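This one's a predicted model, so the numbers in the text were calculated from it and none came from an experiment. Below, chains carry the letters A, B, ... as their sequence lines are ordered, and counting in each starts from 1.
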Number of protein chains: 2
Amino acid sequence: MGNENLVFEKYLVSKGLKLTKPRKIILNTVFATHEHFNVDELYDQIRKKHKDVSRATIYRTIPLLVEAGLIKQSLRCLAKDHYEHTYGHNRHLHLICEKCGKIIEVESKETENILNKLAKKHNFNIKEFNIGAKGICNKCRKK
Amino acid sequence: MGNENLVFEKYLVSKGLKLTKPRKIILNTVFATHEHFNVDELYDQIRKKHKDVSRATIYRTIPLLVEAGLIKQSLRCLAKDHYEHTYGHNRHLHLICEKCGKIIEVESKETENILNKLAKKHNFNIKEFNIGAKGICNKCRKK
DNA sequence: TTGAGAATGAGATTTATTCTCAGAATTAAC
DNA sequence: GTTAATTCTGAGAATAAATCTCATTCTCAA
């Protein structure tokens with residue numbers, strides 16, 4: 001219940017685009033939970049209430065949400081792109097279990113600081129961090 | 001010219017698999033350069049010399065190379081999976097330019113140490129790091 | 001109210017990757 | 001060397017996520 005709506009509308013207007021009903025529905029469904037999501041999950045979720053929003057529109061709206069700084073592309077899992085919130089969420093890194101797919105989110109300003117330093121050395125302007133590791137989680141290791 | 005061949009053969013034998021001609025060709029082409037690659041690039045490279053290696057075999061061999069610890073899945077660029085060497089190469093992180101696609105490779109043991117600590121806290125067993133950032137490179141920023 | 005441009009749904013299309021299958025290669029035992 | 005059991009292979013079909021097309025509908029400023 002932040003003002004994603006405001007942010008999104010501002011972005012759209014600045015590009016000469018419109019905050020239409022389907023776009024509102026998509027935005028609100030995306031921000032109805034805090035979870036990562038992929039297009040299929042989002043589509044199913046939306047379809048529970050709104051039978052008139054198409055996959056095409058979802059695929060077309062996601063890049064707008066990304067551009068507006070509301071979400072970002074996250075992991076790729078089972079051949080599908082996944083997304084996560086950036087607006088209203090602290091940045092975090094991911095520990096992904098290769099066995100069960102579980103995602104552990106951990107905050108770490110430290111790693112970002114180091115990356116920032118390294119980027120400076122290379123005259124590189126960081127827009128977005130992508131930090132994580134794959135491995136085996138606690139539960140799966142015990143099996 | 002390390003002994004990727006030996007490593008690969010050892011791995012294959014341990015799984016009851018065979019180091020066949022196509023697999024040798026693929027392995028050697030992969031290790032003929034130090035560059036990241038995707039399947040198309042690898043296929044073209046191989047086809048210059050060997051008209052009889054199919055895409056299917058390349059797709060089937062890559063997971064074996066990954067499992068053998070010789071390469072790892074790296075970035076995904078333009079809807080294609082990319083791979084990079086792990087055998088014989090120090091680990092590094094990637095700064096990826098969103099404009100021109102340039103990839104800057106940087107070493108950083110520091111970030112890995114931090115991730116290791118965090119993983120310990122969560123009883124997570126890291127198999128592979130995935131560290132990087134997207135942004136704008138020096139050249140593109142000047143435009 | 002209206003008109004110009006933007007947005008939509010439906011379904012076709014694209015394309016990386018995976019699968020199928022009949023024949024070929026491999027390897028160990030004889 | 002032959003054989004037999006198994007693994008591999010190439011070719012092309014199949015799959016499926018993501019993109020595109022297009023005729024129609026919506027939006028909003030004037």
Side-chain angles (χ1 to χ4, degrees), chain A residues 5 8-30 36-47 49-68 71-83, chain B residues 5 8-30 36-68 71-83 101:
Chain A
N5 283 276
F8 195 31
E9 184 160 23
K10 233 181 197 173
Y11 168 78
L12 290 173
V13 167
S14 82
K15 296 283 180 185
L17 306 176
K18 294 160 189 173
L19 182 51
T20 60
K21 273 178 210 162
R23 283 176 182 165
K24 267 186 214 165
I25 291 168
I26 292 165
L27 174 68
N28 290 328
T29 309
V30 164
H36 292 208
F37 64 93
N38 62 43
V39 171
D40 267 7
E41 289 162 0
L42 182 56
Y43 180 76
D44 290 345
Q45 197 61 31
I46 287 172
R47 279 287 170 140
K49 300 243 174 185
H50 307 278
K51 296 292 179 206
D52 51 350
V53 176
S54 73
R55 262 204 176 72
T57 299
I58 295 176
Y59 273 110
R60 281 186 288 233
T61 301
I62 283 176
L64 300 175
L65 294 173
V66 171
E67 262 304 299
I71 65 173
K72 71 169 213 175
Q73 200 169 314
S74 174
L75 310 160
R76 196 176 159 79
C77 233
L78 301 170
K80 289 176 189 169
D81 286 333
H82 286 239
Y83 300 88
Chain B
N5 284 276
F8 195 30
E9 185 158 24
K10 234 181 196 171
Y11 167 77
L12 291 172
V13 168
S14 82
K15 295 281 180 187
L17 306 175
K18 294 160 189 171
L19 183 51
T20 59
K21 273 178 209 160
R23 284 176 181 164
K24 268 186 214 166
I25 291 168
I26 292 166
L27 174 69
N28 289 328
T29 308
V30 164
H36 291 209
F37 64 93
N38 63 41
V39 171
D40 268 7
E41 290 163 359
L42 182 56
Y43 179 76
D44 289 347
Q45 198 60 32
I46 287 172
R47 278 288 170 138
K48 284 183 191 168
K49 298 245 174 182
H50 306 276
K51 296 292 181 207
D52 51 350
V53 176
S54 74
R55 264 204 174 72
T57 299
I58 294 176
Y59 273 109
R60 282 186 288 234
T61 301
I62 283 175
L64 300 176
L65 294 173
V66 171
E67 263 303 301
I71 65 174
K72 72 169 212 174
Q73 200 167 315
S74 174
L75 312 160
R76 195 176 160 80
C77 234
L78 301 171
K80 287 177 190 169
D81 286 333
H82 286 238
Y83 300 88

Asks: With a 4.5 Å heavy-atom cut-off, do B:Thr61 and B:Phe8 have their side chains touching?
Replies: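 When only atoms from C-beta onward are counted, B:Phe8 and B:Thr61 do touch, with a gap below 4.5 Å.
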Asks: Please report the shortest heavy-atom distance between A:Lys18 and A:Leu12, naming the atom on each side.
Replies: O-CD1, 3.6 Å
Asks: Starting at NZ of B:Lys24 and ending at P of D:dT9, how long is that distance when rounded to a whole Å?
Replies: 12 Å
Asks: Expressed in angstrom and rounded to an integer, what is the separation of A:Leu17 atom CG from C:dA4 atom P?
Replies: 20 Å
Asks: Give the rounded distance in Å between these two atoms: CD of B:Glu41 and P of C:dT17.
Replies: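 In whole Å, C:dT17 P and B:Glu41 CD are 11 Å from each other.
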Asks: Taking all heavy atoms of B:Leu19 and all of B:Arg23, pick out the closest pair and write down the distance.
Replies: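 Scanning both residues, the minimum pair turns out to be CD1-CB, 4.2 Å.
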Asks: Let me know, please, whether B:Lys51 or B:Arg23 comes out on the 5' side of the other along DNA chain D by nearest nucleotide.
Replies: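 Its nearest nucleotide being more 5', the pick is B:Arg23.
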Asks: Out of B:Asp52, B:Thr57, B:Ile58, B:Ile46, which residue meets the side chain to side chain contact (heavy atoms under 4.5 Å, CB included) rule with B:Pro22?
Replies: B:Thr57
Asks: Could you give the CD1-to-P distance, from B:Ile58 to D:dT9, as a whole number of Å?
Replies: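 Atom CD1 in B:Ile58 sits about 11 Å away from atom P in D:dT9.
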Asks: Can you confirm whether A:Val39 sits close enough to A:Lys80 that some side-chain heavy atom of one is under 4.5 Å from a side-chain heavy atom of the other?
Replies: no
Asks: Could you tell me the separation between the CZ atom of B:Arg47 and the C1' atom of D:dA11, rounded to a whole number of Å?
Replies: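 Interatomic distance, CZ of B:Arg47 to C1' of D:dA11: 10 Å.
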Asks: Starting at the 5' end of nucleotides 16-30 of chain D, put B wherever the base has a protein heavy atom under 4.0 Å, S where only the sugar-phosphate does, and a dash everywhere else.
Replies: -SBBBB-----B---
Asks: Give the rounded distance in Å between these two atoms: CD1 of A:Ile46 and C1' of C:dT8.
Replies: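 Checked: the CD1 to C1' distance equals 14 Å.
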Asks: To the nearest Å, how far apart are B:Tyr43 OH and D:dA11 C1'?
Replies: 10 Å
Asks: Please report the shortest heavy-atom distance between A:His82 and A:Cys77, naming the atom on each side.
Replies: NE2-CB, 3.4 Å
